[in-house]
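If you're wondering where the values come from, they're calculated on a predicted model, not measured in any experiment. Quick note: numbers below take in every heavy atom, side chains included, and nothing from hydrogens, waters or symmetry partners.
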Amino acid sequence: MRFSQGSTSTPTAIAVPPSLALPVIEAAFPRRHHEYWPKLQEKTRAWLLEKRLMPAGTVEEQADGLCYTDLMAGYYLGAPDEVLQAIADFSAWFFVWDDRHDRDIVHGRATAWRRLRRQLHAALEAPRTHLHHADPLVAGFADSVLRLYGFLPATWNARFARHFHAVIEAYDREFHNRAHGVVPGVEEYLALRRLTFAHWIWTDLLEPSAGRELPDRVRAHPAYRRAALLSQEFAAWYNDLCSLPKEIAGDEVHNLGISLITHEKMTLEEAIADLRRRIEECVTEFPLAEREVLRFADALADGTVDGKELGDTVRSCVANMRNWFSSVYWFHHESGRYMVDSWDDRSTPPYVDDEAAR
């Protein structure tokens with residue numbers, strides 16, 4: 001048994017399988033939750049109902065156990081409540097979208113997927129005109145994006161849109177690969193995974209959480225970019241490790257373990273070992289990158305008010321990059337999304353609407 005530490009609740013005993021345990025996370029990356037977390041959970045549950053993104057029974061039975069708000073409340077510490085609420089609702093939407101994408105593939109709904117892809121691109125550019133769209137997934141997306149667009153200048157909004165357009169297109173490539181049984185090569189998969197996991201979206205959202213847009217010269221600084229990438233790669237690869245049984249059961253083709261088995265001719269055990277090695281390297285290399293970012297933040301504080309604020313923003317962002325490690329780690333052991341062995345059908349999650357006709 002390990003103990004998941006939260007600032008708003010007593011420690012809870014969590015059984016972490018030895019194959020997934022990372023003692024360094026448990027020891028060196030303390031877990032905290034934003035103090036708004038209990039209200040966040042309640043409001044996101046209500047938002048899912050209001051936007052008809054999940055049936056009422058599913059929200060009642062599954063929403064809290066999926067722990068989507070826990071994940072965001074453990075990441076964006078220090079964010080204003082309204083910012084964290086918008087991020088949490090967007091994150092919940094993202095998981096619902098991921099499930100729709102999966103079910104469209106499983107049921108061969110290529111036409112429905114192409115239509116949704118076009119509508120999401122359009123909603124990203126003009127969210128206000130899609131708030132009452134007939135498809136709840138499009139309307140919910142428009143609502144969450146419009147709220148996110150209200151926190152920082154238009155330059156940040158344009159960057160977020162650019163990054164999410166790329167995410168939508170990556171999901172389309174994944175649709176094609178799965179529909180045709182194409183397992184991408186390792187390097188191709190790693191590049192695609194950075195998009196399907198939305199690395200730069202979650203990194204962009206560090207800025208409204210800190211209350212300031214970072215200039216390009218700061219975001220492009222090698223230390224800042226390295227720390228951001230390590231935190232996101234850890235999350236994506238740890239997700240691959242934890243979801244490997246589910247995705248093998250569901251005839252998935254998008255998982256680093258599956259690419260290693262298919263193209264590097266590894267056994268399942270060797271692929272798991274390789275995944276763990278990559279994950280552990282992210283964990284051990286992050287503190288080195290973090291120190292470089294903090295030195296960079298000190299250099300930005302040049303004696304001016306603007307320099308001090310810029311340095312403080314960078315410190316806030318890298319602190320939350322660190323929080324991502326523990327939040328992702330515990331999420332995978334608390335969320336019903338990964339409790340495959342408890343499902344009636346290991347390839348069909350109990351929290352999705354799996355009707356074939358749409």
Between E292 and H221: side-chain donor-acceptor atoms closer than 3.5 Å:
no
Is it true that R178 and D102 make a salt bridge, defined as a side-chain N closer than 4.0 Å to a carboxylate O?
yes
Less than 6.0 Å separating the ring centroids of W97 and F90?
no
From the options T262, D240, N255, select the one residue that forms a side-chain hydrogen bond (donor to acceptor under 3.5 Å, both in side chains) with Y189.
D240
Within the structure provided, determine whether V182 and V253 are in side-chain contact (heavy-atom separation under 4.5 Å).
no
Can you tell me how the ring of Y68 sits relative to the ring of F331, calling it parallel under 30°, perpendicular over 60° and tilted otherwise?
tilted
Is there a donor-acceptor contact under 3.5 Å from the side chain of H34 to the main chain of Y36?
yes
Give a yes or no on whether the backbone of I87 and the side-chain of S91 come within a donor-acceptor separation of less than 3.5 Å.
no
Taking the side chain from S327 and the backbone from L71, do they hold a donor-acceptor pair closer than 3.5 Å?
yes
Looking only at atom types and distance, does a side-chain atom of S209 sit under 3.5 Å from a main-chain N or O of L205, one as donor and one as acceptor?
yes
Is the backbone N or O of S144 less than 3.5 Å from a side-chain atom of D89, with the two atoms forming a donor-acceptor pair by type?
no
Worked check of side chain to side chain contact (heavy atoms under 4.5 Å, CB included) between V314 and L294:
CA-CA 8 Å; V314 169; L294 292 174; over 6 Å; no
CZ of F296 to CG of D298, rounded to nearest 0.5 Å, is 11.0 Å
Output yes when a side-chain donor or acceptor of Q41 lies under 3.5 Å from a complementary backbone atom of T69, and no otherwise.
no
Can you tell me how far apart NE2 (H165) and CZ (F160) are? Round to the nearest 0.5 Å.
10.5 Å
More than 12 heavy atoms of other residues, nucleotides or ligands under 6.0 Å from CZ of R128: yes or no?
no
Is there side-chain contact between D104 and R117, with heavy atoms separated by less than 4.5 Å?
no
Which value, rounded to the nearest 0.5 Å, describes the distance between Y171 atom OH and L195 atom CG?
11.0 Å
Closest approach of P127 and A142, non-hydrogen atoms and distance?
O-CB, 3.3 Å
Are the side chain of S259 and the backbone of P184 linked by a donor-acceptor contact shorter than 3.5 Å?
yes
What I'd like to find out is whether the side chain of M72 reaches to under 4.5 Å of the side chain of W202, using heavy atoms alone.
yes
Please tell me if the side chains of V283 and I25 come closer than 4.5 Å, counting only heavy atoms from C-beta onward.
yes
For a 4.5 angstrom cut-off between non-hydrogen side-chain atoms, does P80 reach F151?
no
Contacts of D143 that satisfy side chain to side chain donor-acceptor pair (under 3.5 Å) - sequence neighbours left out
W47, R147
Residue pair A289 / L230: nearest heavy atoms and the distance that separates them:
CB-CD1, 4.0 Å
For residues L229 and W200, determine if any side-chain heavy atom of one lies less than 4.5 Å from a side-chain heavy atom of the other.
yes
Does the separation of the ring centres of F141 and F164 fall below 6.0 angstrom?
yes
Looking at H163, R219, R162, H199, which one forms a side-chain hydrogen bond (donor to acceptor under 3.5 Å, both in side chains) with D204?
H163
For the residue pair H333 and Y329, does the interplanar ring angle fall in the parallel (under 30°), tilted (30 to 60°) or perpendicular (over 60°) class?
perpendicular
Between D306 and T304, a side-chain donor and acceptor under 3.5 Å
no
May I ask whether L131 and L48 are part of the same hydrophobic cluster, defined by side-chain heavy atoms of I, L, V, M, F, W, Y residues being less than 4.5 angstrom apart, directly or through others?
no
Side chain to side chain donor-acceptor pair (under 3.5 Å) partners for T155, two or more places apart:
E213
Please determine if E281 and R277 form a salt bridge, counting it only when a charged side-chain N lies under 4.0 Å from a carboxylate O.
yes
Tell me whether the rings of F286 and F325 are parallel (<30°), tilted (30 to 60°) or perpendicular (>60°).
tilted
Let me see the working for W330 and V16 under side chain to side chain contact (heavy atoms under 4.5 Å, CB included), right down to the final yes or no.
CA-CA 9 Å; W330 291 113; V16 180; 3.9 Å; yes
Parallel, tilted or perpendicular: ring planes of F234 versus Y238, cut at 30 and 60 degrees
parallel
Less than 4.5 Å apart, any side-chain heavy atom of Q232 and any of R193?
no
Per salt bridge (charged side-chain N to carboxylate O under 4.0 Å, His left out), E290 is matched among R295, R226, R322 by R322
Is it the case that over 12 heavy atoms from other parts of the model lie below 6.0 angstrom from the NE2 atom of H121?
yes
I'd like to know if the side chain of R276 and the backbone of S19 have a donor-acceptor N/O pair within less than 3.5 Å.
yes
I'd like to know whether CZ of R225 has more than 12 heavy-atom contacts from other residues, nucleotides or ligands below 6.0 angstrom.
no
Hey, are the side chains of E207 and R159 touching, using non-hydrogen atoms and a 4.5 Å cut-off?
yes
For the OG1 atom of T44 and the CG atom of L49, what is their distance to the nearest 0.5 Å?
11.5 Å
Side-chain (H130) to main-chain (V138) donor-acceptor, under 3.5 angstrom:
no
Side chain S335, main chain H332, donor-acceptor under 3.5 Å:
no
Cationic N near anionic O, under 4.0 Å, E233 to R278
no
Say you draw a straight line from CD of E187 to CG of L190; how long is it, rounded to the nearest 0.5 Å?
5.0 Å
Quick one, L192 with H254, criterion side chain to side chain contact (heavy atoms under 4.5 Å, CB included). Give me CA distance, side-chain angles, the key distance, then yes/no.
CA-CA 9 Å; L192 187 58; H254 274 243; 2.9 Å; yes
Using the side chain to side chain contact (heavy atoms under 4.5 Å, CB included) rule, take R217 and L300 through it: C-alpha gap first, then chi angles, then the decisive distance, then the call.
CA-CA 11 Å; R217 66 184 177 86; L300 289 169; 3.6 Å; yes
Nearest 0.5 Å, what's the OG-OH distance between S231 and Y75?
5.0 Å
